[in-house]
Amino acid sequence: MVQAYILIQTEVGKASAVAESIAKIPGVIQAEDVTGPYDVIVRAEADTVDDLGRLVVAKVQQIEGITRTLTCPVVHL
């Protein structure tokens, strides 16, 4: 299982709607609107890195109101 944090910037005033929409996507563990340089932070999981990439590109980035994403895979050192 691969997990990652996805840091998301949204259009002004869209953070809450984006977080709500993303929370419904299978594989998303948590989606929260936050303050700071990013508007929404998501924790997601998938079976493989490729599946995680597909989740981000095919599902998360398709949500209306998102302007940029940064995916940070969790590592266990």
All N/O donor-acceptor pairs, side-chain side in residues 48-55, below 3.5 Å, sequence neighbours left out:
from, atom 1, to, atom 2, distance (Å)
T48, OG1, D50, N, 3.4
T48, OG1, D51, N, 3.0
T48, OG1, D51, OD2, 3.3
D51, OD1, R54, NH2, 2.7

Give the cluster check for V60 versus V74: same hydrophobic cluster or not, with ILVMFWY residues linked at side-chain heavy-atom distances below 4.5 Å.
-> no

Tell me, please, which residues at least two apart from E45 pass side-chain contact (heavy atoms from CB on, under 4.5 Å).
-> M1, Q3, I29

Apply side-chain contact (heavy atoms from CB on, under 4.5 Å) to Y5 and L70, showing your working.
-> CA-CA 8 Å; Y5 289 96; L70 174 66; over 6 Å; no

Excluding sequence neighbours, so at least two apart, what forms salt bridge (charged side-chain N to carboxylate O under 4.0 Å, His left out) with R68?
-> none

Sort and list the pairs that fulfil side chain to side chain donor-acceptor pair (under 3.5 Å) and have at least one residue in residues 25-34, not counting sequence neighbours.
-> Q30-E32

Do you know which two heavy atoms are closest between A4 and P73, and how far apart they sit?
-> CB-CA, 3.7 Å

Pairing residues for T71 by the side chain to side chain donor-acceptor pair (under 3.5 Å) criterion, not counting sequence neighbours | none

What pairs of donor and acceptor atoms, side-chain ones from residues 6-28 against any protein atom, are under 3.5 angstrom apart with sequence neighbours left out?
from, atom 1, to, atom 2, distance (Å)
Q9, NE2, P37, O, 3.1
T10, OG1, D39, OD2, 3.3
S21, OG, A17, O, 3.1

